[in-house]
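Worksheet: the structure to be examined is printed underneath.
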Amino acid sequence: MKAAVLNFPGSNCAEDLLWAVGPIAGAHAEIVPATATDLTGYDLVLVPGGFSYGDYLRSGAIAKFAPVMPALRAFAEAGGYVLGICNGFQILTEAGLLPGALQWNRDLTFICEPEPLVVENATTAFTRRYTAGQVITLPIAHGEGNYYADDATLTALEAHHQVVLRYQHNPNGSCRDIAGITNEAGNVMGMMPHPERAVEALLGGTDGLGMFESLMEVCDGAYA
Amino acid sequence: MYKAKIFVNYKPSVLDPKATVIQQTLTRLGQTNVDSVMVGKYFELVLQGNEAAVNEQVAKLCSEMLANVNMETYRYTLEEVEA
Amino acid sequence: MYKAKIFVNYKPSVLDPKATVIQQTLTRLGQTNVDSVMVGKYFELVLQGNEAAVNEQVAKLCSEMLANVNMETYRYTLEEVEA
Amino acid sequence: MAPTPEQIKRERLYEPLGLTTAEYDRFAELLGRLPNYTEMGLQSGMWSEHCSYKYSKPILKTFWTHNERVVMGPGEGAGVIDIGDGMAVVFKAESHNHPSAVEPYEGAATGVGGIIRDIFSIGAKPVASLDSLAFGSDFTPHNQQLIDQVVAGIGGYGNSIGIPTIGGEVQFDASYQQNPLVNAMCVGVMPKSALQKGAAAGAGNAIIYVGAMTGRDGINGASFASSEFTDEAADRSAVQVGDPFMEKLLTDACLEVTRDHRAALVGMQDMGAAGLVSSSAEMASKAGYGVTLNLDLIPQREPNMTPFEIMLSESQERMLLCVKAGHEAEILAVFAEYDLEAVVCGRVTADGQYRLYHHDELVCDIPVTALTDAVPTYTTTPRIPAALAHPAPDFVPVVADATATLQALLALPNIASKRALFSRYDAQVQTNTVVLPGDDAGVIRVRGTHKALAVTTDSNGRLLALDPYRGGAMTVCEAAANLIATGATPLGITDCLNYGDPRKPEVYYMLQESARGITEATRAWNTPVVSGNVSLYNETSGEAIAPTPMIGMVGLIDDLSAITTVGFKQAGDVVYLVGQTGDDFNGSSLQFLQTGQYAGRITGFDLPTAVATGQAVLTAIQAHLVTACHDLSDGGLAAGLVEMAASNVLGARLTTSLTNAQLFAETPGRFLVTVAPADVAAFEALVPQATRLGPVGGNQLCIDTCDGGVNAPIADLIQTQQEALAWQLA
Ligand SMILES: Nc1ncnc2c1ncn2[C@@H]1O[C@H](COP(=O)(O)OP(=O)(O)O)[C@@H](O)[C@H]1O
Ligand SMILES: [Mg+2]
């Protein structure tokens, strides 16, 4: 699997993702700046967490105008796998690659805590190493992670099994406890929790590794 | 040259945490006469160009950048200003 | 019952990173006709009471909660509304 | 029009800027003429306590600052200590008390931003932040808002820039009600070879300005931070807004310059207090050179700024570099890559003069040293405060119901968990955090090695108020104990000295005595002071805060597998108390609970014993004989047990010969540890100071004492400890 980790000015989790996907999960990964205009040749594009362009207007609102965005859109439309984490999720919704929006947490405070999550759909390219209903614990670290979509959108998301991860104890007020979704085609996923922060026992857990291993299994055929 | 005054608001169906927190705080402080709180954003942009062009540009800016139309609505006015 | 429309802005000397980033992005996108960008907050509150009391309450709310008078200024209007 | 030199002298216009007549006269003598308005303004910034340390230098000189590991001690942006493998750790702390009192969010945020610049200006990648906070104990709506906004500001900056906040502390005491303390610490890691200093040497070399544009924000901030604030309205203009996005770009760009363009770079320094003047004058002074700046080239956010304003502005996110002549384009290109504005704004000169041009006019022409080395230092004749000379009688508590007392103690804001506050900080970005906030110290691994760094901040104003000498020493010991509890060997410290007006004999006494205590303890632990910061004039309406030296300590863990945490791990593990417990209740939380105040002399502290106990525990941890470890502080043994029970909700069944009251004694220098049954004999042989209390396990915390004891469902105790603060702040 060859993965690109996008790096927007103000992203601060690109290096963390590179470390998780590369040295830890064992895939080939490299940082690609937001000025890149071509993403061909990659199997997976990761959109990292952080505060792109400071996120002063609204999370992800400025990043959607970055030079790389047309290439990202083309990559997704061609069926390439895209995973947006935290700010990456916000960017994908702002860019219209995923439905809904992320607004301020219910209590208006930034939250950094490990959160138990239920894997709702274990058939996606991102979650096939988990089992349906499995509870995994991943850290969250966000101020604007409160997922919102109108009722029609939510109903459609559920009908098409696009809700992949739900919070067990909804920490931020997200509609229907949603922590992560895919697009209808299933090749673009966004999630607020940080799987790249849960890939080493030394740092408190390895529940996030399954996401990267799932993608490697899909991209490389078999993953030992 | 035109000055655009732009208001961005949550759609009524969206529960706004900022408004909720303000309302809760007011209640806690005993100010129970406040029936509703709405929190929005306000932008003022000064743009060069003729009215039609500026109007089109501002509308696009609002829908693509200043507001997230999934959860927000916007409205704006234009007024001519001296250079 | 009165509706208060409240505008809160940075004082002119205060650095506003929000406005700066918006302006820079517009420039990057080739929209160089935007001379200035100002970002503020807008609130609408509906309050029960007579005009004088509401006026006093809103002024206090603005200076103590909605605006940070160290670096922001505020202005507001009141208009009577139906219950 | 600026006032004329004669007018300045006649109308004493230097006084509102914090200069005395003697200081003004001395400056005029150094110049050989009367200073103009710009020059006098530069003097006011540079001669302020914040920049010159004129009252604290004599005290700081007494600190012990060097041992075999210290690469760079105080005097530069930050201190540097060797950690082996060709690597070094860089750290410093800074106070932002006054700005945070005036504008809590931005004051706290820019405090974090400022200390980060000190770290990367040395050439180190910032890898961790800590925050030491002190607030009033009366939770009025104003205080609640202050607490909320300070915490939001620290998180707002740190989370955004992507540096994990892995530790810190929050204290509540009446003396901070009007004067909160906001101290921030930053830690960086770098190859030793990348070290760079803030010097401007070599005639003809370029001075480059980079970062945010200069505005009128924070003008006179340096003099403002150094004088007691009484006139609220006047202080309000000093507010600066932080831009963490800009700082992220600056960090990355400056680190690229120090890494890849060493040959071109002469020196680099951040613009902190007294902005452009202090950075440029200090860089030139350190190197023994002069500097000429053209102010028209300085990027300005507002029109019509005067030289005074440009030079003294404290706009954030700005750096000053000295670059070899001929290499300007190379460096400017690096900044352009990051979309940062950078300009060559001046040159180094050989004659030691400080010259400024504005609109083609020479507006300042004075010796650099008149701004730096020439600043006088002052001492005050100390006087022991009456309350210390005649301490209250020893407090003798009566504890009939130890369970109820424990419940009440756990709900005190100073003892309750601070999770509701620190969970608003991103503690994991950079994915190196091994031990998260909430333990005794934060721990991060050093990538590419088998090492980790442990960091803590500690301060204890209420103890120093009773005994500055012992309190100072005990604060250092508490920091060391927190590091040891994770398995780290203490390396060195940074400090923030938060005190009142040093011209008062009693305040000066406190300062001097606590420095003496700190020095003695740092020598005993072999932890020199490598950097620090002073915040004086923490007074409102003539009342000083409790003397509060904040100690930030860094320790080294050589073996990742030896990292130890606070929580009980396994039922059956044996709990030991290490160190003797006495009737030490003066200044304790129990005294506060029962009498509403802290009073009496400080008893039970013996520095050599504290060091020996700590070292024995560390040896046992490093020998892998310990499964959990916690140093005892506020609330004593009983509170410590609940903290250990919390992470895995495990109770314990313990027996001790202590009294009920002694469960809450705060005899310093003690630890609680757990040991796996198989290791009990080896542990006891290694740590003779240890007393066996009983096994971990069950749902109850049971402690049998000689006159009763504690018996309660552990879940209840944990709930009180975990949630009490959130309830009180809601
Ligand atoms: N402001 C803060 N920021 C980050 N962490 C904090 C803060 N306050 C408390 N903590 C965390 O809580 C732990 C326990 O706090 P405290 O009881 O003061 O520690 P100790 O008594 O061990 O010094 C600290 O070591 C730290 O990890
Ligand atoms: Mg401790």
Side-chain angles (χ1 to χ4, degrees), chain B residues 1-10 12 16 18-51 53-62 64-67 72-78 81-83, chain C residues 1-10 12 16 18-51 53-62 64-67 72-78 81-83:
Chain B
M1 221 155 63
Y2 287 84
K3 180 185 273 188
K5 297 183 170 180
I6 303 166
F7 296 81
V8 175
N9 286 119
Y10 275 119
D16 176 3
K18 286 197 176 143
T20 312
V21 166
I22 291 174
Q23 181 110 42
Q24 280 165 353
T25 310
L26 290 173
T27 308
R28 190 150 48 78
L29 297 174
Q31 304 196 22
T32 49
N33 66 326
V34 181
D35 280 4
S36 76
V37 177
M38 195 279 291
V39 183
K41 292 178 199 157
Y42 176 68
F43 302 87
E44 270 180 23
L45 270 59
V46 175
L47 306 99
Q48 289 170 22
N50 66 48
E51 185 165 0
V54 166
N55 191 39
E56 192 183 329
Q57 185 182 1
V58 171
K60 202 159 139 49
L61 255 177
C62 285
E64 293 183 358
M65 184 190 285
L66 302 180
E72 293 169 327
T73 56
Y74 60 88
R75 67 196 152 85
Y76 62 90
T77 59
L78 288 185
V81 290
E82 292 293 298
Chain C
M1 220 154 65
Y2 287 85
K3 180 185 271 188
K5 297 184 172 178
I6 303 165
F7 294 82
V8 176
N9 284 116
Y10 273 136
D16 185 355
K18 269 190 200 131
T20 312
V21 166
I22 292 173
Q23 179 114 40
Q24 277 167 355
T25 308
L26 292 174
T27 307
R28 191 156 48 78
L29 297 175
Q31 304 195 24
T32 49
N33 66 326
V34 181
D35 279 4
S36 75
V37 176
M38 195 278 292
V39 182
K41 293 178 204 155
Y42 175 68
F43 303 86
E44 270 180 24
L45 270 59
V46 175
L47 305 99
Q48 289 171 20
N50 66 47
E51 185 165 359
V54 166
N55 191 40
E56 191 183 328
Q57 185 181 3
V58 171
K60 204 160 138 49
L61 263 176
C62 285
E64 292 179 2
M65 182 192 281
L66 302 180
E72 292 172 328
T73 55
Y74 61 87
R75 66 198 154 84
Y76 62 89
T77 58
L78 290 185
V81 291
E82 293 295 297

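Below, each value reflects all heavy atoms present in this structure, side chains not excepted, and no hydrogens, waters or symmetry copies. Chain letters run A, B, ... following the sequence lines, proteins first and then strands; every chain starts at 1.
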key: Interface residues of residues 20-29 of chain B facing chain C - non-hydrogen atoms under 4.5 Å apart   = B:Ile22, B:Thr25, B:Leu26, B:Leu29
task = Enumerate by number any residue of residues 53-62 of chain C whose heavy atoms lie under 4.5 Å from heavy atoms of chain B; in the absence of such residues, state 'none'.
result = C:Gln57, C:Leu61
request  = Would you give the length of the straight line joining atom CZ of C:Phe7 to atom NZ of B:Lys5, rounded to the nearest 0.5 angstrom?
outcome  = 7.5 Å
ask   = How would you list, in number order, the residues of residues 30-37 of chain B that have a heavy atom less than 4.5 Å from chain C?
value = B:Gln31, B:Asn33, B:Val34, B:Asp35, B:Ser36, B:Val37
ask   = Out of C:Met65, C:Met38, C:Lys3, C:Met1, which one racks up the most heavy-atom pairs below 4.5 Å with chain B?
value = C:Met38
ask   = For B:Lys41, which residues count as a side chain to side chain contact (heavy atoms under 4.5 Å, CB included) partner, sequence neighbours excluded?
value = A:Arg58, B:Val8, B:Phe43, B:Glu72
